[in-house]
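For reference, the structure is listed below as structure tokens.
Since we're looking at a predicted model, the values are computed, not measured.
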Amino acid sequence: MSKGKILLVGFGPGSGEHMTFRAREAIEESDVVIGYSTYINLVKDLLRDKEVIRKGMTEETDRAVEAYEHAKKGKTVALISSGDIGVYGMAGPSYEVLFQAGWKPGDDIEVELVPGTTALSSCAARVGSPLTHDFCSISLSDLLTPWPTIARRLDAVADSDFVIALYNPKSGRRRQQIVEAQRIFLKYRSPDTPVAIVKSAYRDLEKIQLVTLKEMADCDIGMLTTVLIGNSSTFFKEGLMVTPRGYANKYENITGSVKAGEKRGRSLSLGLDGWKASIKEALSTATDATNIEAILEAKAADFELSIEEIFLALASSEESSQDDIVLAHQLEREEGLKAFTRFIKESPNQDSPMNLTIGEKRTGQTQLSAFDANNVCFSDNNIVLDNKEGITANIHTAAIQHIWTIEKDGITQSIWLLDKKGNSLLYTYIRRDS
Ligand code: SAH
């Protein structure tokens with residue numbers, strides 16, 4: 001009996017010209033072709049003399065099981081999917097089914113994955129060049145993913161200024177997901193952000209709508225639509241959607257001369273090394289009267305990074321020298337909490353009111369100036385800050401994940417309690433204005 005084979009084939013957006021050579025060949029060499037009805041219809045010209053098994057949308061694992069059964073009988077079976085079968089497709093479920101059945105690579109049944117052009121590439125090509133800078137994809141389908149997970153990812157990428165491709169944006173039953181996605185994006189992005197809505201790219205009923213983020217959810221969107229949302233530099237021009245590659249940071253124009261301070265073929269002056277150096281430089285001129293904490297917080301706010309990233313830049317050993325008067329040190333957690341207590345109880349400004357800051361400039365902060373050391377109390381679970389007007393602030397000790405000190409001329413200036421993302425929960429510092 002001949003060896004069985006499973007071909008996992010992505011045939012691209014759905015037009016013959018955009019199918020890869022190998023995808024066509026793979027379908028042609030198979031005995032059995034299994035796929036969702038719409039997919040079978042899209043490749044029907046290649047299916048003469050083949051056993052064709054049409055499956056419904058929700059019978060995903062059935063499709064994989066059936067492919068395995070046929071392959072065990074020595075058949076070559078193609079499991080087909082539009083786009084790339086590894087992208088929101090059958091490749092993952094197929095491997096899961098195979099592993100469950102005890103299959104391993106090198107066994108009697110060979111498995112070959114044939115990649116295809118995924119919807120985000122084909123849809124992007126129809127509207128210009130929206131994916132020229134960092135992008136990601138999120139599926140709005142909540143059939144297999146809980147909505148809170150989807151919402152958390154939408155929030156993270158909206159905030160991070162990725163270009164984004166939304167797969168499965170809407171169906172007959174799922175109509176509100178795109179509305180929620182729009183609401184989350186509008187928290188961070190301009191209502192005028194360019195959006196391309198591409199339906200059935202490279203297929204008969206192709207439809208393209210170039211709109212803005214505020215109009216997105218009201219547009220014609222369905223099961224066969226991919227939505228591309230631009231980043232803060234994406235623009236529309238002459239009916240095309242383009243995201244700049246980023247050269248504007250470095251060159252006067254795309255073909256022009258190199259900007260002052262930048263070098264061809266080298267990282268930007270604000271590349272990794274240059275950025276670290278810029279933080280050190282900003283603090284190198286600090287005098288006794290300088291509010292170091294304000295500089296650190298301003299940098300975090302300007303660059304939209306956690307305060308810990310600023311500390312890490314300051315602490316990076318490269319280029320660090322004896323002359324650095326402001327230094328950042330990370331403390332181990334237990335040791336850090338003790339150091340924090342000590343700093344409060346023994347601080348040099350013991351006699352004057354304590355300075356405590358809850359939060360930081362970037363994330364929002366509260367200054368608590370009328371607190372003396374005796375009004376700070378530590379319990380197992382909380383740091384409780386109490387003032388005379390009866391206002392109590394509570395910091396959960398469990399939320400404190402990283403602790404840093406900032407030193408100048410060998411003297412601790414401030415201690416920072418950070419959460420797991422590296423944002424400040426609370427810091428205390430020595431007064432410089434008294
Ligand atoms: N494996 C496929 C994705 C399957 S999920 C791929 O790699 O492209 C199904 C979703 O893909 C649809 O809801 C739609 O968002 C997108 N999609 C697939 N083909 C498309 C096409 N021709 N035009 C626009 N979107 C498409």
Side-chain angles (χ1 to χ4, degrees), residues 156 159-160 267-344 346-349 354-368 383 385 395-432:
D159 189 17
S160 314
S267 295
L268 287 176
S269 55
L270 265 189
L272 180 58
D273 294 339
W275 177 70
K276 286 180 181 174
S278 79
I279 297 296
K280 288 179 190 180
E281 197 184 314
L283 288 154
S284 66
T285 52
T287 65
D288 283 350
T290 312
N291 187 344
I292 298 167
E293 289 71 32
I295 298 178
L296 295 164
E297 289 188 63
K299 289 288 170 193
D302 290 350
F303 291 113
E304 296 181 66
L305 282 170
S306 74
I307 196 89
E308 189 169 41
E309 292 297 326
I310 309 301
F311 297 163
L312 284 161
L314 194 57
S316 63
S317 57
E318 219 181 318
E319 294 174 54
S320 230
S321 75
Q322 303 291 338
D323 309 337
D324 292 330
I325 49 166
V326 178
L327 295 171
H329 290 294
Q330 183 166 23
L331 303 177
E332 185 270 319
R333 192 171 174 281
E334 287 312 306
E335 179 205 340
L337 285 173
K338 283 187 198 134
F340 181 76
T341 318
R342 235 182 297 124
F343 188 67
I344 286 183
E346 299 164 13
S347 72
N349 48 329
M354 288 283 306
N355 287 304
L356 284 162
T357 303
I358 295 181
E360 63 185 275
K361 184 178 174 210
R362 188 176 73 93
T363 52
Q365 64 184 194
T366 312
Q367 294 280 348
L368 305 172
I383 298 174
L385 314 163
I395 305 286
H396 290 283
T397 321
I400 301 165
Q401 294 292 321
H402 308 280
I403 301 174
W404 286 77
T405 62
I406 299 297
E407 276 180 23
K408 181 165 167 292
D409 302 323
I411 297 166
T412 301
Q413 304 292 314
S414 51
I415 298 197
W416 299 68
L417 308 181
L418 313 183
D419 67 11
K420 69 171 181 193
K421 288 186 172 177
N423 295 318
S424 176
L425 292 163
L426 174 70
Y427 70 87
T428 174
Y429 59 101
I430 296 177
R431 287 182 73 110
R432 290 185 195 81

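Using a 4.5 Å heavy-atom threshold, the side chains of R362 and S424 count as separate. Using a 4.5 Å heavy-atom cutoff, the side chains of L296 and L314 are in contact. I400 has its side chain within reach of I383: a pair of non-hydrogen atoms, C-beta onward, lies under 4.5 Å apart.
Among residues two or more places apart in sequence or in another chain, the side chain to side chain contact (heavy atoms under 4.5 Å, CB included) test is passed with E335 by L331, E332. Listed by chain and number, the residues in a side chain to side chain donor-acceptor pair (under 3.5 Å) with H329 amount to none (sequence neighbours excluded). Evaluation of the side chain to side chain contact (heavy atoms under 4.5 Å, CB included) rule for L272 yields K276 as partners, not counting sequence neighbours. Considering only residues two or more places apart in sequence or on other chains, L305 meets the side chain to side chain contact (heavy atoms under 4.5 Å, CB included) condition with W275, F303, E309. In this structure, the side chain to side chain contact (heavy atoms under 4.5 Å, CB included) partners of S160, at least two apart in sequence or on a different chain, are F162. S269 pairs by the side chain to side chain donor-acceptor pair (under 3.5 Å) definition with E262, not counting sequence neighbours. Residues passing the side chain to side chain donor-acceptor pair (under 3.5 Å) test with D419: none are found, sequence neighbours excluded. Residues passing the side chain to side chain donor-acceptor pair (under 3.5 Å) test with E297, sequence neighbours excluded: Q365, Y427. K299 is linked by a salt bridge (Lys or Arg N to Asp or Glu O under 4.0 Å) to nothing, counting only residues two or more places apart in sequence or in another chain.
With hydrogens and angles disregarded, a donor-acceptor distance shorter than 3.5 Å links the side chain of K280 to the backbone of S316.
With rounding to the nearest 0.5 Å, the separation of CD1 in I358 from OG1 in T428 is 11.5 Å. The CD atom of E360 lies 9.5 Å from the CG atom of L425; values are rounded to the nearest 0.5 Å. Considering CD1 of I415 and CG of L337, their distance stands at 9.5 Å, rounded to 0.5 Å. Separation of atoms OG1 (T285) and CG (L283) is listed at 7.5 Å; rounding is to 0.5 Å. Note that the CD1 atom of I310 and the CG atom of D302 stand 8.5 Å from one another [nearest 0.5 Å]. The line from OH of Y429 to CG of N291 is 6.0 Å long, rounded to the nearest 0.5 Å.
Of all non-hydrogen atoms in I325 and S284, the two that sit nearest each other are CD1-O, 3.9 Å. Summarising the geometry of F311 relative to A328, their closest heavy-atom pair is O-CB, 3.7 Å, with the distance given to 0.1 Å. For A282 against I295, the heavy-atom pair with the smallest separation is O-CD1, 4.1 Å. Closest approach of A313 and I279 over heavy atoms only: CB-CG1, 4.0 Å.
The only member of L426, I307, N423 that meets side-chain contact (heavy atoms from CB on, under 4.5 Å) when paired with W416 is I307.
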Name every donor-acceptor pair, under 3.5 Å, that has one atom in a side chain of residues 401-410 and the other anywhere in the protein, sequence neighbours excluded.
residue, atom, partner, partner atom, Å
Q401, NE2, A398, O, 3.1
H402, ND1, Q330, NE2, 3.3
W404, NE1, E308, OE2, 2.8
K408, NZ, D288, OD1, 2.7

